[in-house]
Amino acid sequence: MDIADYYRQLELNIGASLGEVKASYRRLARLYHPDVNPDRQAKDKFIAVTEAYKILLKIAPTQTESPYNYTVKSTKNNSKPETKSPQTSPSKQTKVKVTRKQNKHKSQSHLSEAEKQLKQNYYLHLQQLLKYKRYPRAIAVVEGLAQRMPQDWEVRQWQAIAYQRWARHLIGERQLDKARNYLKKALKTDPHNRALWSEVERDFRQLEKIY
C-alpha cells in the first residue's frame, strides 16, 4: 500500500495536513469501532484506518509546512540550520536542495493542470519521506514520478538527491558497495547539478577513508 492509499483510507486528499488526518481518524474511528459497530466489515475498516493513521502521523505535514517552502538540505555542518549570507563561501559550505522555487514556471510549462497537481503531491511526500529518513520509500516515490514525467528536469533533480541521501545513509551503515552504486546513479541522473557533484565527491572521499 502506498501513501495515496493511506490517505484514501482516511477519506482525505493526498497531502492533507496532520490536523486533518487526526480529525478524520477520530471521526472514522467512532464510526467503525467494534464497540459501536459490531459488523465484521466495520471491524476491518477500523483496522485499516488505524493502520493508515499510524503511518500518516509520521509523514503528514503540519499546517505551517508548505510543499513550496520546505527545503531538504545536505550540509557539511548538519548540527546547525543553514542560513543564507552574502559572506558564505561555497568552499566552506555546500548544500543539495530539493526545491520548487527555481525555474518553477519553466519546469511546469509542459504539464497539464492534473500533472501539476500530481507533481505537487509527490513533491510533498518526497519532502516528508526524506525528512523522516525513509529513503527506500522516497526513492520508490520519486522513481514512480520520473516514469510518468521523464522529461521534467526538476523531477530528475529530486530523484538524484534521493539517491545521494540514501547513499550517505548507507555509508554510515557500512554498506559501502551499495552506497557507491547509488552515488553513481545520482550523478548519472542529474549530471549538471554542481551542488550535487560537490556532495557526491564528499561522499566518495568518505568511502575511500573507510576502505
Side-chain angles (χ1 to χ4, degrees), residues 1-39 41-75 78-84 95-102 104-105 107-108 111-145 148-149 154-155 157-159 161-162 165-166 169:
M1 184 178 295
D2 61 24
I3 294 173
D5 292 325
Y6 292 127
Y7 276 109
R8 282 193 289 269
Q9 286 288 351
L10 292 180
E11 300 179 1
L12 294 169
N13 293 326
I14 297 174
S17 70
L18 182 61
E20 292 172 314
V21 167
K22 291 180 178 180
S24 184
Y25 174 70
R26 286 194 294 268
R27 176 177 62 83
L28 293 172
R30 286 194 296 267
L31 180 62
Y32 295 113
H33 197 285
D35 291 343
V36 177
N37 193 332
D39 185 77
Q41 291 183 341
K43 180 180 179 180
D44 293 340
K45 180 67 175 178
F46 177 77
I47 293 172
V49 298
T50 300
E51 178 188 1
Y53 176 67
K54 290 178 180 178
I55 296 297
L56 293 179
L57 271 182
K58 301 177 182 179
I59 66 173
T62 64
Q63 293 286 1
T64 57
E65 289 176 330
S66 165
Y68 288 97
N69 62 18
Y70 186 87
T71 302
V72 174
K73 300 175 182 176
S74 179
T75 66
N78 291 323
S79 61
K80 298 180 181 179
E82 185 179 60
T83 56
K84 295 182 179 180
K95 60 186 177 180
V96 174
K97 295 182 180 179
V98 175
T99 178
R100 298 197 65 177
K101 294 181 180 180
Q102 185 179 9
K104 173 186 167 185
H105 297 294
S107 176
Q108 297 204 18
L111 301 179
S112 67
E113 288 302 317
E115 288 173 327
K116 290 177 183 178
Q117 183 62 47
L118 176 68
K119 184 177 174 182
Q120 176 180 331
N121 292 336
Y122 269 80
Y123 172 81
L124 175 61
H125 289 313
L126 177 62
Q127 293 285 7
Q128 294 298 309
L129 290 168
L130 292 178
K131 179 179 179 180
Y132 290 102
K133 300 181 180 180
R134 297 180 63 190
Y135 300 121
R137 181 61 189 158
I139 289 172
V141 166
V142 75
E143 285 181 340
L145 183 59
R148 300 189 66 163
M149 302 178 182
E154 215 171 29
V155 173
Q157 181 193 66
W158 303 345
Q159 185 178 1
I161 292 171
R165 294 290 299 275
W166 177 223
H169 177 80

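All values reported here derive from a predicted model rather than from experimental measurement.
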Discussion item. Using side-chain contact (heavy atoms from CB on, under 4.5 Å), reason through Met149 and Glu154 one step at a time and then give a plain yes or no.
Written reply: CA-CA 10 Å; Met149 302 178 182; Glu154 215 171 29; over 6 Å; no
Worksheet entry | Full working for side-chain contact (heavy atoms from CB on, under 4.5 Å) between Val21 and Tyr7 | CA-CA 8 Å; Val21 167; Tyr7 276 109; 4.3 Å; yes
Worksheet item: Between Val142 and Ala162, which heavy-atom pair has the shortest distance, and what is it?
Response: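 Nearest pair, atom of Val142 first, then Ala162: CG1-CB, 4.2 Å.
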What's the spacing between [X] [atom1] and [Y] [atom2] if we round to 0.5 Å?
X	Y	atom1	atom2	value
Leu126	Ile139	CG	CD1	10.0 Å
Asn121	Asn13	CG	CG	8.5 Å
Leu145	Lys119	CG	NZ	7.5 Å
Ile55	Thr50	CD1	OG1	12.0 Å
Leu18	Leu56	CG	CG	9.0 Å
Arg137	Leu130	CZ	CG	12.5 Å

When you compare the side chain of [Y] with that of [X], does any pair of heavy atoms fall below 4.5 Å?
X	Y	value
Leu57	Lys22	yes
Gln9	Glu51	no
Lys116	Gln120	no

Worksheet item: Partners of His169 by ring pair (Phe, Tyr, Trp, His ring centres under 6.0 Å), sequence neighbours excluded?
Response: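 Expected list: Tyr135, Trp166.
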Discussion item. Between Ser24 (side chain only) and Glu20 (backbone N and O only), is there a donor and an acceptor less than 3.5 Å apart?
Written reply: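 A pair under 3.5 Å: no.
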Discussion item. Has Glu115 got a side-chain atom pairing as donor or acceptor with Ser112's backbone, closer than 3.5 angstrom?
Written reply: yes
Discussion item. Would you say the rings of His125 and Tyr6 are close, in the sense that their centroids are separated by under 6.0 Å?
Written reply: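 Tyr6 vs His125: aromatic centres not under 6.0 Å.
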Discussion item. Classify the ring geometry of Tyr53 against Tyr25: parallel below 30°, tilted from 30° to 60°, perpendicular beyond 60°.
Written reply: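 Rings of Tyr53 and Tyr25: parallel, as their planes differ by under 30°.
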Worksheet item: Quick one: side-chain hydrogen bond (donor to acceptor under 3.5 Å, both in side chains) partners of Arg148, sequence neighbours excluded?
Response: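 Here no residue qualifies.
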Check: residues 29-37 side-chain donor-acceptor pairs under 3.5 Å, at least two apart:
{"from": "His33", "atom 1": "ND1", "to": "Asp35", "atom 2": "N", "distance (Å)": "3.0"}
{"from": "Asn37", "atom 1": "OD1", "to": "Asp39", "atom 2": "N", "distance (Å)": "3.2"}

